[in-house]
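These figures come from a predicted structure and were not determined experimentally.
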Amino acid sequence: MHEFSLAERILECALEVSGEHGGAAIERVVLEIGALRAVVPESLKFAFEAASMETAAEGALLEWREIPAEVECRSCLETYCPQDIVWCCPGCGATGGRAVRGDELIITSVSLSDTPCLEGAIR
């Protein structure tokens, strides 16, 4: 379950933003997660909730948008969205390729409350 390490890193970044703004409570963290990251949303949400307990992010919403995978064929250089676990170019039939999109995990925004969280709640 790599979601817990992802959640910890996301939390670390969000807490850094909170710290830069006087320790404001974190209300929402919005992500873009590539389909190739193989993240289980429920597991990520659970891990984030567990990791954020007793921090400025406790109770914060974790939202995300999935970015579809996009692959470039190494034979004919056509770019396509794979429909299966085995990447097969619809143009030439070659298998495999190079991922050009869908491997990202980006924090697009961190929303903060106007009210600072209690002292000591920022890790």
Side-chain angles (χ1 to χ4, degrees):
M1 183 168 129
H2 69 121
E3 284 82 0
F4 202 83
S5 61
L6 292 174
E8 287 182 321
R9 183 65 183 127
I10 292 164
L11 176 62
E12 186 179 302
C13 293
L15 291 175
E16 194 173 303
V17 172
S18 171
E20 291 169 359
H21 292 84
I26 299 166
E27 294 182 334
R28 176 181 296 151
V29 178
V30 181
L31 312 168
E32 287 184 350
I33 302 175
L36 299 174
R37 296 292 296 208
V39 173
V40 177
E42 294 79 19
S43 296
L44 181 62
K45 183 178 176 190
F46 174 79
F48 183 79
E49 287 173 359
S52 65
M53 292 179 74
E54 298 181 16
T55 72
E58 184 169 357
L61 295 174
L62 185 65
E63 298 176 353
W64 58 86
R65 180 173 73 97
E66 185 173 297
I67 305 299
E70 205 171 289
V71 174
E72 180 183 75
C73 176
R74 289 192 174 139
S75 296
C76 71
L77 303 181
E78 181 172 325
T79 302
Y80 62 97
C81 296
Q83 302 300 313
D84 196 356
I85 195 165
V86 177
W87 298 348
C88 185
C89 176
C92 71
T95 57
R98 180 181 69 87
V100 292
R101 193 167 177 228
D103 195 29
E104 58 274 77
L105 193 158
I106 301 168
I107 299 173
T108 58
S109 68
V110 176
S111 300
L112 304 173
S113 168
D114 292 336
T115 308
C117 61
L118 297 174
E119 189 173 322
I122 301 173
R123 290 196 264 181

Rounded to the nearest 0.5 angstrom, the CG-CD1 distance for L62 and I26 is 11.0 Å
- Would you check, one step at a time, whether the test side chain to side chain contact (heavy atoms under 4.5 Å, CB included) holds for E72 with L77? CA-CA 6 Å; E72 180 183 75; L77 303 181; 4.1 Å; yes
Minimal non-hydrogen separation, [X] against [Y], with atom names:
{"X": "A99", "Y": "L36", "value": "CB-CD1, 3.6 Å"}
{"X": "G97", "Y": "V71", "value": "CA-CG1, 3.8 Å"}
{"X": "F48", "Y": "I10", "value": "CE1-CG2, 4.1 Å"}
{"X": "E78", "Y": "G91", "value": "OE1-CA, 3.3 Å"}

Notebook entry, point to check: Taking 4.0 angstrom as the limit, do K45 and E42 come out as a salt bridge?
Noted result: no
Exercise for the section: Kindly determine whether C89 and S75 satisfy side chain to side chain contact (heavy atoms under 4.5 Å, CB included), including the steps that lead there. Expected result: CA-CA 9 Å; C89 176; S75 296; over 6 Å; no
Look only at the side chain of [X] and the backbone of [Y], and say whether a donor-acceptor pair between them is shorter than 3.5 Å.
{"X": "E12", "Y": "E8", "result": "no"}
{"X": "S18", "Y": "A24", "result": "yes"}
{"X": "E104", "Y": "G102", "result": "yes"}

* Asked: Does the side chain to side chain contact (heavy atoms under 4.5 Å, CB included) test come out yes or no for H2 and V39, once each step is laid out?
  -> CA-CA 8 Å; H2 69 121; V39 173; 4.0 Å; yes
Determine all donor-acceptor pairs shorter than 3.5 Å in which one atom belongs to a side chain in residues 105-112; sequence neighbours excluded.
unit_1: T108; atom_1: OG1; unit_2: V30; atom_2: O; d: 3.1

For I85, the hydrophobic cluster (side chain heavy atoms closer than 4.5 Å, chained through members) also holds V86
Inspect the surroundings of CD in E63 and state if more than 12 heavy atoms from other residues, nucleotides or ligands are less than 6.0 Å away.
yes
_Flag side-chain contact, heavy atom, 4.5 Å: I33 against R65_ = no
